[in-house]
Amino acid sequence: MALLPILRYPDRRLSKVAKPVVRVDDRIKRLVADMAQTMYDAPGIGLAATQVDVHEQVIVIDISTTHDELHVFINPRIVHSSDIECEAEEGCLSVPGIYDRVVRPERVTVAALDANGEQFELEADGLLAVCIQHEMDHLLGTVFVEHLSQLKQARIKNKLRKLERESA
Ligand code: K1U
Ligand code: ZN
């Protein structure tokens, strides 16, 4: 297994749209294992392949505190979203140190392939639903800060550029 470098917003590669996985083969299984290790190491509760510069539809999520409830979603599709929405605080490993509130459907049902290429469906609410939608946005080339106002986005970009200059 390997730790993969995570792209930082506003890297333009975060805007790429991921392609469907054609076959869940050894390459994809290795990618899943590396993404899980990278997520746990960060630490985070989710990671999309886009964030590690792989533009294929792969997501890993584990919202447990024990790191033993890994969800793998390959070629995920939202098959149902609730009309009721809720606002929750989000963070992102590609936007370190920035947290803000985003409004999304409260409950989603997602259909996907698992790490063995088997089809499954999962109904989620709470943090898992937020995280699934956040990671699926990454596969479409959207970072959560793009749900915020233009003013907030400009402030976040300035803050991250300043931090990058200071650490260079
Ligand atoms: O970068 C990512 O997409 C991962 C992101 C997932 C996420 C978090 C919160 C709301 C929506 C999506 C993170 O994991 S940010 C880090 C984080 O939230 C966290 C880190 C350690 C322990 C618990 C949470
Ligand atoms: Zn993210």
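Both counts, for ligands and for their atoms, begin at 1 and track the order of listing.
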Enquirer: Is it true that atom CZ of Arg101 has more than 12 heavy atoms of other residues, nucleotides or ligands lying nearer than 6.0 Å?
Expert: yes
Enquirer: Would you say ligand 1 has an N or O under 3.5 Å from any N or O of Glu89?
Expert: no
Enquirer: Main chain of Ala18, side chain of Gln57: is a donor-acceptor contact present, judged purely on distance under 3.5 Å?
Expert: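 Side chain of Gln57 to backbone of Ala18, a donor-acceptor pair under 3.5 Å: yes, one is there.
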Enquirer: Return the residue, atom name and 0.1 Å-rounded distance of the protein heavy atom closest to atom 1 (O) of ligand 1.
Expert: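 Here the closest protein heavy atom is Leu93 N, 2.6 Å.
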Enquirer: Got a salt bridge between Arg104 and Glu87, using NZ or NE/NH1/NH2 to carboxylate O under 4.0 Å?
Expert: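 A salt bridge is absent here (no side-chain N lies under 4.0 Å from a carboxylate O).
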Enquirer: Under 4.5 Å between any side-chain heavy atoms of Ile6 and Leu47, yes or no?
Expert: yes
Enquirer: Applying a heavy-atom cut-off of 4.0 Å, say which part of Gln51 lies close to ligand 1: side chain, backbone, both or neither.
Expert: side chain
Enquirer: Any idea which protein heavy atom is nearest atom 22 (C) of ligand 1, and the distance to it?
Expert: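 Its nearest protein heavy-atom neighbour is Ile45 CG2, 4.4 Å.
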Enquirer: Output yes when Arg107 and Asp83 qualify as a salt bridge under the 4.0 Å nitrogen-oxygen rule, no when they do not.
Expert: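 No.
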Enquirer: State the atoms of ligand 1, each with its element, that fall below the 4.0 Å cut-off from a heavy-atom position in Gly44.
Expert: 14 (O), 20 (C)
Enquirer: I want to confirm something. Looking only at heavy atoms, which of Ala88, Ala48, Pro43, Ala42 is nearest to atom 16 (C) of ligand 1?
Expert: Pro43
Enquirer: Strictly under 4.0 Å, does any heavy atom of Met39 approach an atom of ligand 1?
Expert: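 No, Met39 has no heavy atom closer than 4.0 Å to ligand 1.
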Enquirer: Please list the nearest protein heavy atom to atom 9 (C) of ligand 1 with its residue and the distance rounded to 0.1 Å.
Expert: Gly91 N, 3.7 Å
Enquirer: For Phe120 together with Phe73, are the ring centres under 6.0 Å from each other?
Expert: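 Yes, ring centres under 6.0 Å apart.
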Enquirer: Checking His71 against Asp114: is there a side-chain donor and acceptor pair closer than 3.5 Å?
Expert: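 No donor-acceptor contact under 3.5 Å links the two side chains.
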Enquirer: Please say which of Lys16, Arg27, Lys19 ends up in a salt bridge (charged side-chain N to carboxylate O under 4.0 Å, His left out) with Glu56.
Expert: Arg27
Enquirer: For Ser94 and Gln51, does a side-chain donor sit closer than 3.5 Å to a side-chain acceptor?
Expert: yes
Enquirer: Please report which non-hydrogen protein atom sits nearest to atom 3 (O) of ligand 1, along with the residue it belongs to and the distance in Å to one decimal place.
Expert: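 Scanning the protein heavy atoms, the shortest distance from atom 3 (O) of ligand 1 goes to Glu135 OE2, 2.7 Å.
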Enquirer: For atom 10 (C) of ligand 1, which protein heavy atom lies nearest, and how many Å away is it?
Expert: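 Going by distance alone, atom 10 (C) of ligand 1 is nearest to Glu90 CA, 3.6 Å.
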Enquirer: Should you measure from each heavy atom of His138, which atoms of ligand 1 turn up under 4.0 Å away?
Expert: 3 (O)
Enquirer: What protein heavy atom sits nearest atom 4 (C) of ligand 1, and how far off is it?
Expert: Gly46 O, 3.0 Å
Enquirer: How wide is the angle at the Zn ion (ligand 2) between NE2 of His134 and SG of Cys92, to the nearest 10°?
Expert: 120°
